[in-house]
Number of protein chains: 2
Amino acid sequence: MMQSQLELRHLKTLLALAECGSVSQAAKRVFLTQSALSHQLKALEEAYGLALFERKTQPLRFTPAGERLLALARDVAARVTQAERDLARLREGEAGELRIAVECHTCFDWLMPAMDAFRQHWPAVELDIVSGFHADPVGLLLTRRADLAICSEAEPQDGVVYQPLFAYEMVLIMAKDHPLAAKPVWQAGDLADETLIHYPVPDVMLDLVRKVLKPAGVNPARRTSELTVAIIQLVASRRGVAAMPFWAVKPYLDRGYIASARIGDAGLQSELYAALRQDDAELAYMHDFLHTVREQSFATLPGLSVLA
Amino acid sequence: MMQSQLELRHLKTLLALAECGSVSQAAKRVFLTQSALSHQLKALEEAYGLALFERKTQPLRFTPAGERLLALARDVAARVTQAERDLARLREGEAGELRIAVECHTCFDWLMPAMDAFRQHWPAVELDIVSGFHADPVGLLLTRRADLAICSEAEPQDGVVYQPLFAYEMVLIMAKDHPLAAKPVWQAGDLADETLIHYPVPDVMLDLVRKVLKPAGVNPARRTSELTVAIIQLVASRRGVAAMPFWAVKPYLDRGYIASARIGDAGLQSELYAALRQDDAELAYMHDFLHTVREQSFATLPGLSVLA
DNA sequence: CTACAATCATGAGGCAATTTCATTATTTTA
DNA sequence: TAAAATAATGAAATTGCCTCATGATTGTAG
C-alpha cells in the first residue's frame, strides 16, 4: 500500500476529470490516452485504499474521498500556477506589451474574460486590442502593429509561430418553425434558397462560405449584422439562417429561441490559433496569456475540444 | 525548456534541502543519493531558467527564486498532508487509542511537542502515556497495556513490528574545568575514576554502560537523578560526568555551562524505534503519529540523523 | 430487446525519465 | 597544504509510466 506517491500529475488529472466528466475526455485534455488515466486513477485509489469515483454514471461522480482530493487539486494547482508566474516575472521582468489582433467577432466572447484574468496577473503588461477586421492579421504581427493574432488557420510563415487554442463546431441556426428545422444535418444544397446572415467581414473569414458553400458552388442571398444578438434575432424572425459557434448559441438553443443543425455529415469544425512573432514565442507572459485563454475557455464554453 | 514538469517530489526535495542545508544531507533525508538530488535540482533550474541556490556556501543559500519555490513547497506540503489525513480518517474513522510506553527520560523532550501536534490532527484518538520505566516496554504492547513503545533496539519479536524514528549521538558531558575537558574523545578507561551520573533506570537501559563500560570491564562510581536539569547542574558542579543525547545538552554547551566529549573513536550512536503490534501497523493514525514525531524532531533537535 | 457506439478496465510491452554508480571537481577544515 | 566533505557530471541501469491491443461494461438507437 501507498506504493505510488501522490504527484501533481495526479491532481491535474483529477481537475481534468472533474471538468470533463469522463475519463476518455479528460485524457484528451491532458494529452494522454484513456488507458493511461485509467491506470493512474486505479493506482490512486489503491494507494489510498478508497474509491474516489462512481464510474457507473455519466458524468462520473466523485465520492467524498474523491471530492476531498479534488479540493486539494484545485487549491494546489492555483498555488503552483501563481508560484510559476512569480518565477517567470523574476526571470523576465514584470513589463511587456500585448496587442491582440482579432479577426472574428465571436472571439470577443472568450477574449474579454481571459484578458480580465490576465490583467490581474500581469498588471505591468500593456494590454490592447487592435481592432478593425483585417483580412491579414498576421501581417500586423510582422509590421509590429500587433503582438498576437487570433486566427482560424495556421498558415506557415517565416518568423511566425502558431499556438493552438481550441477547436469547436460551427452549427447552423434557424427559426424553430423553419421547414427544415427538424433536419439534424444540413448539406450545402439546403442553403441554396436561404438568406445567409453573417458578420460584415470578407468571405475568406467565413468558414461556412470558404469550406462548404464555395466548394459546392452554392451562393445564397446574404445579409450582414455586426452583433451576435442581432443575428440571433434575425434568425428567430425567419429572416435567414446563420452559422455560429455552438458555444455561442447554446444559451439560445437551451431557451428554445432557435433551432440548430449540423453542417455536413461530419459537422463543420473550426479551429483557433494564436499567431506570435518567433522572437516573442518564449515570453512567459505570452505563454501565460495563452494558458489563461485555454483555461478560461474550456471552463466556460460548452463543447470545446482540444487542438494538437 | 520547461521539459520536466514540476512534481511534488521536487517540492519535497526543496524542503529537505532547506532543513539540511546541504544536498548530501538532504539526500539522506529523502532516501535518495546525492547524485539523484543534484540531477533533480539541476533539472529544476533549467526548467525555470533561473538559479535557485548559491552552491558555494555552507549551508547553501536560496536565491529569491529558490525562496519562492520553497514557500510553495511549504504551503503545498502542508495541504497535501492535511488532505491525506482527511482521507485516512474517511477510510478508518476518527477514533482510536494510542497509549505510549516510554523507557527513556529524555524522550519526553521530543515526545511532548509531537503529542501536542498529533492531538490537533486526531482529536478523537485517545492519547496516553504509560509511565513507570519498565525494563520491557514491548511486553506492555503484547499484554495490550500500551499501543506503542519507544525503544532503543529493534529486537525481533512475534507480533511486533519496529519503525525506525531517528538516530543521534550520545556525548559525555563534564564540568568546563574538568582535567579532561579538553580531551575531544574519551575512552572507557577515562571513566574509571569518575562518578557517573544517570537516570534511575536499570543498567540495560543505559547505552553507555551496556555498550561501552560493561564490555571494557570499567565500573565507575554512580549517582542518579530524575531530572535532566539536575544532572546538568551536578555535572557543572564537578560532582561527576554523564552521557546525554547531544541534542539534549546542546543549549547548555552553547551557553558554556559544561563541556562535552565524544565517547569512543566512532562516537556512541543511539537509535530510537517505535514498536507496534503487528495488527496496528497499518493504522493511519499510527503512521501519522510516527511521521509527526520524525518531522517535529528533525525540525527542532540538532544533530539527528535518519535511521533506515 | 438487440445491436451498435461509447466508455472503461486490464495486461503486456516499450520507452523515457530518474536513479545509481563511478569519477572528477570544488569547497571546507584541520 | 593535505585531507575530508560536498557537489557536479556522464554513462549505465532501473523503475515506472505510457501506449497498444483487447475485452468488458454501459448507454443508446432502431
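By convention in this document, chain letters (A, B, ...) are assigned in the order of the sequence lines, proteins followed by strands, and residues within each chain are numbered from 1. Below, all heavy atoms of this structure are taken into account, side chains as well, without hydrogens, waters or symmetry copies.
Close to dA8(D), at under 4.0 Å from its OP1 or OP2, lies a side-chain N or O of Arg55(B). For the pair Ser35(A) and dT19(D), the criterion of a side-chain N or O lying under 4.0 Å from OP1 or OP2 is not met. Neither OP1 nor OP2 of dT26(C) sits under 4.0 Å from any side-chain N or O of Lys56(B). Contact check, Ser22(B) against dT6(D): no side-chain N or O comes under 4.0 Å of OP1 or OP2.
When each of Arg9(B), Lys12(B), Glu7(B) is checked for a side-chain hydrogen bond (donor to acceptor under 3.5 Å, both in side chains) with Gln5(A), only Lys12(B) meets the rule. Evaluated for a ring pair (Phe, Tyr, Trp, His ring centres under 6.0 Å) with Phe166(A), the options Tyr273(A), Trp247(A), Trp110(A) yield exactly one hit, Trp110(A).
Put simply, CD on Gln34(A) is 15 Å from P on dA24(D), counting in whole angstrom units. Between Lys12(A) atom NZ and dC18(D) atom C1' there is a gap of 17 Å when expressed in whole angstrom units. One can place NZ of Lys28(A) at 14 Å from P of dT19(D), the figure rounded to the nearest angstrom. For the pair Leu60(B) CG and dA5(D) P, the computed distance is 19 Å after rounding to whole Å. Here dG16(D) presents its P atom at 17 Å from NZ of Lys42(A), a figure rounded to the nearest Å. What separates CG of Leu32(A) from C1' of dA16(C) is a distance of 14 Å, to the nearest Å. One atom, CG of Leu41(A), and another, P of dT7(C), lie 16 Å apart when rounded to the nearest Å. We find that CD of Gln5(B) is positioned 17 Å from C1' of dG16(D), with the value rounded to whole Å.
The aromatic rings of Phe62(A) and Phe53(A) lie perpendicular to each other, with more than 60° between the two planes, well past the 30° mark.
Along DNA chain D, the nucleotide closest to Gln58(A) and the one closest to Gln40(A) are compared, and the more 5′ of them pairs with Gln40(A).
Nearest to the side-chain atoms of Arg9(B) among the listed nucleotides dT19(D), dT19(C), dT10(C) stands dT19(C). Listed nucleotides dC8(C), dT9(D), dT19(C) differ in distance to Ser38(B); the shortest reach to its side chain belongs to dT9(D). If you check dA8(D), dC20(D), dA9(C) against the side chain of Thr33(A), the one that comes closest is dC20(D).
Residue-to-nucleotide contacts include no donor-acceptor pair under 3.5 Å from the side chain of His39(A) to the base of dG16(D).
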### Message
Walk me through whether Leu41(A) and Arg55(A) qualify under side-chain contact (heavy atoms from CB on, under 4.5 Å).
### Response
CA-CA 11 Å; Leu41(A) 297 171; Arg55(A) 270 79 176 253; 3.8 Å; yes
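Between Gln40(B) and Leu44(B) the shortest side-chain heavy-atom distance does not fall below 4.5 Å.
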